[in-house]
There are 2 protein chains.
Amino acid sequence: MVGMRDVARKAGVSVSTVSLVVNGTGYVSAAMRAKVEAAMHALNYVPNELARNLYHDRTNVVGVIVPTIRHPFFATLTAGLQGRLFDAGFRTIVCSTADMGGGEEQYVDMLRRHMMDGLIMGGHTAHPTNYWTSIQRPVVAFDRYLGASIPSIGSDHEQGGELAATMFALSGVRHVVEIGGPRSQYNDLLTAQMAAAQADVASDAAAEGESAPVPASASEAVSLSGRSVQDVIGDHSTFPPIRYHLAFEQTLDMAGIRWDYLEVPEVSDFAGYEAAARRAFDRFPEADAIVAPDMAAAFCVQEALRRGVRVPDQMQIMAYDGTYVTDLAGMRITSILQDFEALADAAARRMIDAIAGAEAQEMQEKHVTGGAGAGVGGGADAGSEGEGEVASGRGTRTGDGRDDAPVPAKPAGVVADMVPMQVKLGETTRMTDAVHQLLFGAEAAQTD
Amino acid sequence: MVGMRDVARKAGVSVSTVSLVVNGTGYVSAAMRAKVEAAMHALNYVPNELARNLYHDRTNVVGVIVPTIRHPFFATLTAGLQGRLFDAGFRTIVCSTADMGGGEEQYVDMLRRHMMDGLIMGGHTAHPTNYWTSIQRPVVAFDRYLGASIPSIGSDHEQGGELAATMFALSGVRHVVEIGGPRSQYNDLLTAQMAAAQADVASDAAAEGESAPVPASASEAVSLSGRSVQDVIGDHSTFPPIRYHLAFEQTLDMAGIRWDYLEVPEVSDFAGYEAAARRAFDRFPEADAIVAPDMAAAFCVQEALRRGVRVPDQMQIMAYDGTYVTDLAGMRITSILQDFEALADAAARRMIDAIAGAEAQEMQEKHVTGGAGAGVGGGADAGSEGEGEVASGRGTRTGDGRDDAPVPAKPAGVVADMVPMQVKLGETTRMTDAVHQLLFGAEAAQTD
DNA sequence: CTGTTAGCGCTTTCAC
DNA sequence: GTGAAAGCGCTAACAG
C-alpha cells in the first residue's frame with residue numbers, strides 16, 4: 001500500500017508538506033505542490049481515511065436502524081434520511097434487524113466504538129432505556145421513546161388517529177375493523193414505560209409500596225375505558241404510535257361507532273398482512289370500514305375485489321401511512337399520510353445537531369481552560385437549536401457564551417418533534433359533504 | 001475519552017496486557033484478567049475500533065450501491081445481501097444513488113480510502129469499465145458488466161425472457177405490449193460495451209480502420225433483425241438485463257406474435273410506471289397481453305380494473321421480477337421471478353471470497369519470502385472457489401500449496417454467476433394445457 | 001505470563 | 001513556506 005511517506009520520498013519533500021497539499025490546508029508554494037501532485041499521480045496515491053478518522057475521531061458515518069428495509073414505510077424513510085444526511089456530508093449505514101437475525105447491538109457497538117458518529121434508531125428494541133442513555137453518544141429515536149436525554153421524532157399519531165376516526169364518523173360508518181400491530185406488545189411497552197417513568201421521576205411522592213402499578217395483565221388489551229389518551233399514556237410512551245390506536249378508538253367511542261381490533265404479527269411479516277385482511281372479512285362480515293397499515297390495506301382491497309364486496313359502497317378502506325403501495329393496490333387507497341419528507345428532515349436535523357453538539361463538547365473538554373470564544377460559538381450555534389425545549393421565552397439567553405460553570409452534561413429533557421399527518425384521498429372511501437368540509441373547510445370545493 | 005492506557009494505569013498493568021484481555025488473545029493469568037476487567041468496568045472502557053481497524057487495515061464493512069432502496073426489487077435484494085453479509089461478520093453500508101443526488105463516487109471513494117472492505121455495485125453508472133477496474137479492490141457487479149476482472153452476478157435474463165415469451169405464445173397471445181427501461185440507454189450501453197470489448201480484446205485481427213463499428217445510430221432501437229441474442233451481444237454486455245428483452249422479442253418473433261415496446265423513464269420514477277400503464281391501454285387497445293416490471297404490472301392491473309378490461313380473459317398481465325408487490329396489486333400477478341435468495345447468496349459469496357483473496361494477497365506481499373505454508377492455505381481455500389472458472393477437471397490441483405511462481409495478480413476473466421428464473425403463478429394469466437405442460441412437464445397435474 | 005517498544009497512516013503544532 | 005516530531009488508540013513482536 002502506498003502511503004504519504006512514499007509520496008513524500010518520491011517528491012523529495014516531507015510528509016507534512018504532502019499532507020498540506022492533500023488537504024488543501026495552509027500555504028504551499030506552487031512548485032512544491034506540483035512536485036507533490038506529480039508524485040501522487042505517479043504512485044496512484046489514495047489517502048487512507050481510516051487514519052484520518054482515527055486522528056479526528058470522526059467517521060462521517062451515521063447509522064440507521066429499522067425493522068426491515070423491505071417494508072415500503074421504512075424504505076421510504078431510510079431513503080429520505082439518507083438523502084438529508086448525505087447533503088450534510090454523512091454517509092449512512094443501515095441495519096434492518098429483521099433481515100439479518102437481529103444484531104442491532106452490533107450496530108450500536110459501532111457507535112460506541114467510534115465507527116459511526118451517530119445513530120438513528122427506528123427499530124424495535126427490547127433494551128431498557130438505560131441501555132440507550134448509557135451510550136453517551138448521539139442517538140435520535142424514531143417513533144419511540146428511548147430515554148430522557150434522547151430526542152425523539154415521529155408523526156403526530158394522536159392527530160392521525162383522530163383524523164381517521166373523524167373521517168369514518170363523518171361518512172356514516174357503523175362498524176370498523178382496525179388492523180394493527182400486536183396489542184399485547186403495546187401492553188408490555190406501556191408497562192415498561194410506566195416502570196421507567198417511575199424510576200426516572202423517582203423524586204416524586206413515595207410510591208405506595210407495591211412493586212409497580214402495572215396495568216392489569218399483559219395479555220389484556222390496553223384500552224381507554226373512559227379515560228383520555230393523555231390519562232393512559234401521559235406525555236410520552238415508549239412507543240408513540242400506540243397513540244394512534246387509542247385516539248382512534250376514543251374518537252370512535254365518542255361517536256358511538258363499533259370497532260374491533262385485529263392483530264397483525266409484526267411489520268416484517270408480509271404474509272401476516274394478507275392473513276389479517278382475510279380474517280377481517282371472515283370474522284366481521286357486517287363491518288363497513290377497515291383501517292389498516294398500507295400493506296394490510298392493500299390486501300383488504302384485493303380481498304374485497306375477490307369477494308365481490310364493492311369498495312367503497314359496501315366497505316370503506318383506509319390506509320395508515322400512505323406509502324406508494326397505496327397507489328398500486330388495484331385502487332388508489334385513501335390514506336392517513338405520514339409526511340416522510342418532514343420526518344426524515346427532522347430526524348436528520350436532530351442527528352446533525354447532536355453530532356455537532358457532541359463535537360463542540362469534546363473540544364471544550366480538551367482545552368480545559370478557555371477557548372470558549374470563537375471556537376465554541378460555531379458549535380453552539382447548531383447545538384442550541386437541538387437542546388432547546390419548545391418552552392417559550394428563553395430567547396437571547398441561550399446565545400451568549402458566558403457559561404463559567406462546567407457545561408451541563410446532558411441536554412434538558414425529551415425533545416420530541418411531532419410531524420402532522422394528512423389525508424391522501426383515494427377511491428376507497430366515500431366522500432360526503434361532512435368529510436369534504438373536514439378536509440377542505442367551508443370554502444368553495446377545490447377539486448384536486 | 002477513556003483509552004487502554006487509562007485502563008492499564010488504573011489496573012496497574014501494561015497496555016499490552018489490557019489488549020490481551022480485551023481481545024481474548026494469548027494467555028493472561030486469572031488475577032490479572034480480573035484486575036483489568038474491573039478497571040474496564042469502572043472506567044466504562046470501550047475499545048476504539050477505528051484504531052484497531054487502522055492497524056488491521058480492515059473495517060468489516062462492505063458497501064452496496066443500488067439505484068433506489070425504495071424500489072421493492074432493490075429493497076429485497078439489499079435485505080438479502082445484508083443478511084448474508086452479516087452472517088459472515090460484515091456490516092453493510094448502502095448507497096441508493098437516486099435517493100441522494102448521485103454521489104456514487106463518494107462511496108467508491110470509501111472503498112478506495114479503506115473505509116470499506118468491498119463494494120457490491122448494483123446501481124447505474126456512467127463510468128467506463130476502467131474506472132472500475134482501476135480501483136484494485138474487491139468489487140462485485142450486480143446485473144452489469146464492470147470490467148474483465150470484476151465478477152458479475154445476476155439472473156439468467158435470457159432464460160427469463162424466453163420463459164415469458166413462451167408462456168404467452170403457449171396461451172395463444174397475439175399482441176403483447178412490452179414495458180421496460182429506456183431502450184436508447186441500452187443502445188448507449190451496447191455501444192460502450194462494443195467499444196470496450198474492442199479495446200479489451202485488441203489483440204484480435206486488426207480492425208478495418210474505421211474508428212469503431214457502433215450500431216447504426218444511438219437513437220435507433222436495438223433490435224435483432226434476424227440475428228440471435230448471442231450474435232448481437234456476445235458473451236457479456238454492459239447491461240445483462242437487456243438480454244431479457246432481446247430473448248423475449250426473438251422468441252415472440254419466431255412465434256409470429258406482434259410486440260410493441262413502451263418505455264418507462266427510469267427505475268426510481270414510480271409515477272413513470274403508472275403513466276406507462278395508462279399508455280399501454282391507450283395506445284394499444286387491441287393488445288391482449290402485457291409484460292412489465294412489477295410496479296408497472298401492478299399499475300396495469302389497476303388500469304384494467306378501472307377500464308373494466310377483464311384480466312386475464314381479455315388481457316393477460318405478466319410481471320418481470322416477482323417482488324412482493326405482485327401479491328398485493330388487486331390480483332396476484334403471474335410473474336417471472338428472480339430468485340432473490342440465490343442472487344444475494346451468490347453476490348455475498350463472491351464478495352466474501354474477494355475480500356479473503358485480497359487479504360491473502362496482501363499477506364503474501366508483506367512476507368515477500370515464504371510463509372506460504374499454512375497461512376496462505378486458509379485464504380486460498382476461500383479464494384479458489386471465487387477465482388475458478390466453471391471449467392471442468394481442475395479437481396485436486398487447486399488444493400495443494402505448491403505455487404512457487406508469484407501469485408497471478410488478478411483472477412482469470414469475467415466470472416459471472418447466472419441465477420435461473422422461475423414462474424410464479426398468479427391470477428393474471430391464462431392457464432392452458434400447453435402452459436401447464438411447460439411448467440410442470442407431462443407428469444400428473446400437481447396442484448399448488 | 002507480562003511489560004517494552006515500535007509502528008498502522010495521517011494530522012498538526014512548532015521551530016527553522 | 002517547509003520539515004521534524006509528537007501523537008490519535010490499538011496491536012504484535014520481542015524481550016524479560
Side-chain angles (χ1 to χ4, degrees), chain A residues 1-36 39-40 43-60 109 112-115 117 359 362-363 365-367 371 375, chain B residues 1-37 39-40 43-60 112-115 117 359 362-363 365-367 371 375:
Chain A
M1 171 189 302
V2 32
M4 260 189 172
R5 195 157 40 266
D6 308 274
V7 177
R9 194 174 315 137
K10 171 131 196 165
V13 300
S14 79
V15 287
S16 58
T17 308
V18 178
S19 176
L20 290 187
V21 349
V22 168
N23 296 290
T25 337
Y27 296 96
V28 185
S29 72
M32 283 279 125
R33 154 166 289 114
K35 274 200 294 186
V36 172
M40 283 178 16
L43 297 178
N44 209 292
Y45 168 70
V46 175
N48 185 326
E49 199 165 346
L50 227 34
R52 197 216 241 51
N53 288 344
L54 171 60
Y55 186 92
H56 286 123
D57 191 26
R58 213 206 202 237
T59 56
N60 290 307
D109 275 0
R112 277 217 191 78
R113 310 173 83 145
H114 299 258
M115 279 299 285
D117 296 341
E359 195 142 287
E362 283 239 327
M363 297 241 77
E365 279 171 15
K366 286 200 168 169
H367 319 174
Chain B
M1 171 188 301
V2 32
M4 245 164 78
R5 197 159 36 269
D6 307 274
V7 178
R9 194 174 315 139
K10 170 131 196 165
V13 301
S14 80
V15 288
S16 59
T17 308
V18 178
S19 176
L20 289 186
V21 349
V22 167
N23 295 292
T25 336
Y27 296 97
V28 185
S29 72
M32 283 280 125
R33 156 166 287 114
K35 275 200 294 185
V36 172
E37 275 167 349
M40 282 180 15
L43 297 178
N44 210 289
Y45 168 70
V46 174
N48 185 326
E49 201 167 342
L50 226 35
R52 197 216 241 53
N53 288 344
L54 171 60
Y55 186 92
H56 286 120
D57 190 26
R58 216 212 201 230
T59 57
N60 290 306
R112 277 217 190 79
R113 310 172 82 143
H114 299 256
M115 279 299 285
D117 297 342
E359 195 143 286
E362 283 239 326
M363 297 241 77
E365 279 172 13
K366 286 199 169 170
H367 319 174

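Convention: sequence-line order gives letters A, B, ...; per-chain numbering from 1. Atom set for the values below is all heavy atoms of this structure, side chains included, hydrogens, waters and symmetry mates excluded.
- Both G12(B) and D57(B) lie near DNA chain C, and the one whose nearest nucleotide falls closer to the 5' end is G12(B).
- Side-chain nitrogen and oxygen atoms of S29(B) include at least one within less than 4.0 Å of the OP1 or OP2 phosphate oxygen of dT2(C).
- Look at N48(A) and you won't find any side-chain N or O under 4.0 angstrom from OP1 or OP2 of dC8(C).
- Distance CE (M115(A)) to P (dC10(D)): 14 Å, rounded to an integer number of Å.
- In this structure, the nucleotide among dT11(C), dG3(C), dC10(D) sitting nearest to the side chain of S19(A) is dT11(C).
- Side chains of N53(B) and T59(B): no donor on one and acceptor on the other come within 3.5 Å.
- Checking dT11(C), dT11(D), dA13(D) against the side-chain heavy atoms of N23(A) singles out dT11(C) as nearest.
- V18(B) comes within contact range of no nucleotide atom at all, as no heavy-atom separation falls under 4.0 Å.
- Proximity note for T17(B) (side chain, C-beta onward) versus dT2(C), dG9(C), dC8(C): the nearest is dT2(C).
- Comparing A51(A) and A31(B) by the nucleotide of DNA chain C whose heavy atom lies nearest to each, the residue mapping closer to the 5' end is A31(B).
- Rounding to whole angstrom units, CZ of residue R9(A) and P of dT2(D) are separated by 20 Å.
- You'll find that the side chain of S16(A) is closest to dG3(D), out of dT11(D), dG1(D), dG3(D).
- The L54(B) side chain lies nearest to dG9(C) when the options are dG9(C), dT11(D), dA4(D).
- Nearest nucleotide to the side chain of V15(A), out of dA5(D), dG3(C), dC10(D): dA5(D).
- We find that CG of D6(B) is positioned 9 Å from P of dG9(D), with the value rounded to whole Å.
- Counting any heavy atom pair closer than 4.0 Å across all strands shown, V22(A) reaches no nucleic acid atom.
- Residues passing the side chain to side chain donor-acceptor pair (under 3.5 Å) test with S16(A), sequence neighbours excluded: S14(A).
- Summarising the geometry of L50(B) relative to H114(A), their closest heavy-atom pair is CD2-O, 3.4 Å, with the distance given to 0.1 Å.
- No side-chain heavy atom of M40(B) sits less than 4.5 Å from a side-chain heavy atom of K10(B).
- Atom NE2 of H114(B) and atom C1' of dC10(C) are 13 Å apart (whole Å).
- Per the geometry, CG belonging to N53(A) stands 15 Å off P belonging to dC10(D), to the nearest Å.
- Taking atom CE of M4(A) as the reference point, atom P of dC8(C) lies 14 Å away to the nearest angstrom.
- Close to dA12(D), at under 4.0 Å from its OP1 or OP2, lies a side-chain N or O of H56(B).
- Under a 3.5 Å cut-off, the side chain of D6(B) and the backbone N or O of G3(B) do form a donor-acceptor pair.
- A heavy-atom distance below 4.5 Å is not found between the side chains of N44(A) and V2(A).
- Within the structure, a side-chain polar atom (N or O) of R5(A) is placed less than 4.0 Å from OP1 or OP2 of dC8(C).
- When distances are taken from the side chain of M1(B) to each of dG9(D), dT11(D), dG3(D), the shortest belongs to dG9(D).
- Residue Y55(A) places none of its side-chain N or O atoms closer than 4.0 Å to OP1 or OP2 of dC8(C).
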